[in-house]
Amino acid sequence: GQSLEQPSEVTAVEGAIVQINCTYQTSGFYGLSWYQQHDGGAPTFLSYNALDGLEETGRFSSFLSRSDSYGYLLLQELQMKDSASYFCFLGQNFVFGPGTRLSVLP
Amino acid sequence: DTGVSQDPRHKITKRGQNVTFRCDPISEHNRLYWYRQTLGQGPEFLTYFQNEAQLEKSRLLSDRFSAERPKGSFSTLEIQRTEQGDSAMYLCASSLGGRDSPLHFGNGTRLTVT
């Protein structure tokens with residue numbers, strides 16, 4: 001089967017850097033993605049990693065280590081609008097992680 | 001790109017009634033997905049279509065749930081004999097391409113079973 005684990009909550013202050021980790025178990029691998037969901041909103045795609053290493057998209061970066069079955073989302077220069085839930089996602093079987101709720105404090 | 005649209009936005013029904021939701025995907029997208037999400041949880045996969053073919057269905061999906069995608073365009077999700085445990089947000093998403101393609105979600109249908 002497939003499973004993903006994430007911390008349930010993370011808190012940081014504006015301007016800081018935060019890392020949200022995701023570990024996974026899967027029998028196959030089609031890449032690890034990250035989605036953001038604001039309260040009351042729909043999940044929106046942030047990034048995708050198929051190969052090991054770091055992918056950078058503006059203030060957000062995502063890292064993957066396939067040998068460790070591990071990835072993380074790095075958010076830099078945090079803003080209040082980054083307060084949301086963040087989900088890692090396995091494309092193999094369309095499975096989302098339980099989500100990490102990020103609270104950005106002033 | 002008009003986005004994924006879902007109808008209705010909210011549905012309140014009594015236990016035992018049948019409900020049907022509709023999803024219109026982004027027009028050129030060949031894949032369509034249904035998810036269910038409860039408060040504080042990640043979206044739970046229900047089923048997906050490639051064009052008109054339903055290729056995967058979650059083992060968690062009871063036989064009270066059925067989905068269709070006639071002609072590979074819009075999709076419907078029907079829940080028969082609703083139960084209070086069916087109360088959730090039902091999300092539809094679409095994508096173009098394979099399992100590495102981003103999912104584009106609609107705003108969901110919130111179902112409340114009383």
Side-chain angles (χ1 to χ4, degrees), chain A residues 1-10 20-24 26-51 55 57 60 62 64 66 71 73 83-103, chain B residues 1-7 9-10 21 23-26 29-50 54-61 67 75 88-110 112:
Chain A
Q2 310 79 39
S3 66
L4 301 104
E5 291 187 6
Q6 304 178 235
S8 59
E9 293 184 5
V10 173
I20 298 174
N21 299 320
C22 174
T23 57
Y24 62 86
T26 180
S27 55
F29 188 72
Y30 278 86
L32 187 72
S33 301
W34 289 91
Y35 287 78
Q36 178 192 60
Q37 186 178 30
H38 288 98
D39 287 347
T44 56
F45 172 79
L46 291 176
S47 67
Y48 168 74
N49 294 71
L51 303 175
E55 294 283 341
T57 309
F60 294 2
S62 57
L64 176 67
R66 288 174 296 171
L73 181 69
S83 293
S85 293
Y86 292 84
F87 299 93
C88 51
F89 171 83
L90 282 176
Q92 170 67 16
N93 287 91
F94 316 115
V95 176
F96 281 88
T100 299
R101 187 172 184 86
L102 171 64
S103 298
Chain B
D1 181 353
T2 57
V4 178
S5 62
Q6 293 187 243
D7 184 72
R9 291 296 306 275
H10 303 275
F21 310 141
C23 171
D24 286 90
I26 295 171
H29 285 187
N30 59 334
R31 291 188 171 209
L32 186 147
Y33 310 79
W34 285 100
Y35 282 84
R36 175 172 63 190
Q37 187 176 30
T38 53
L39 194 63
Q41 304 296 316
E44 176 190 14
F45 173 75
L46 296 178
T47 189
Y48 102 94
F49 294 82
Q50 181 159 310
Q54 187 175 17
L55 296 186
E56 286 188 36
K57 188 173 175 180
S58 170
R59 289 171 297 170
L60 301 175
L61 205 62
S75 176
M89 177 71 82
Y90 289 82
L91 294 166
C92 175
S94 68
S95 71
L96 179 64
R99 293 173 189 256
D100 56 347
S101 301
L103 272 60
H104 299 257
F105 282 86
N107 287 322
T109 294
R110 180 167 297 284
T112 302

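Chain naming here is simple, since letters A, B, ... match the order of the sequence lines and numbering starts at 1 in each. Heavy atoms only: backbone and side chains are in, while hydrogens, waters and symmetry mates are out.
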Which atoms of [X] approach chain A - backbone, side chain, both or neither, heavy atom under 4.5 Å:
X: B/Glu44; result: neither
X: B/Arg31; result: side chain
X: B/Leu103; result: both

Part of [X] within contact of chain B (heavy atom distance under 4.5 Å):
X: A/Phe87; value: side chain
X: A/Pro43; value: both
X: A/Gln6; value: neither

More than 12 heavy atoms of other groups within 6.0 Å of [X] [atom1]:
X: B/Leu39; atom1: CG; value: no
X: A/Tyr30; atom1: OH; value: no
X: A/Arg66; atom1: CZ; value: yes
X: B/Arg99; atom1: CZ; value: yes

Determine, using ring centers only, whether A/Phe94 and B/Tyr35 are less than 6.0 Å apart.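 No.
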
Nearest heavy-atom pair of B/Glu56 and A/Asn93: which atoms, and what distance?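 Looking at all heavy atoms of both residues, the closest pair is OE1-ND2, 3.9 Å.
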
What distance do B/Asp100 atom CG and A/Gln92 atom CD have between them, rounded to the nearest 0.5 Å?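 Answer rounded to 0.5 Å: 12.0 Å.
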
Which is it for A/Phe96 and B/Phe45 under the side chain to side chain contact (heavy atoms under 4.5 Å, CB included) test, yes or no, and what are the steps along the way? CA-CA 8 Å; A/Phe96 281 88; B/Phe45 173 75; over 6 Å; no

Top residue by heavy-atom pair count (under 4.5 Å) with chain A, among B/Pro102, B/Ser58, B/Gly42, B/Gly108?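 Result: the option with the highest number of such pairs is B/Pro102.
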
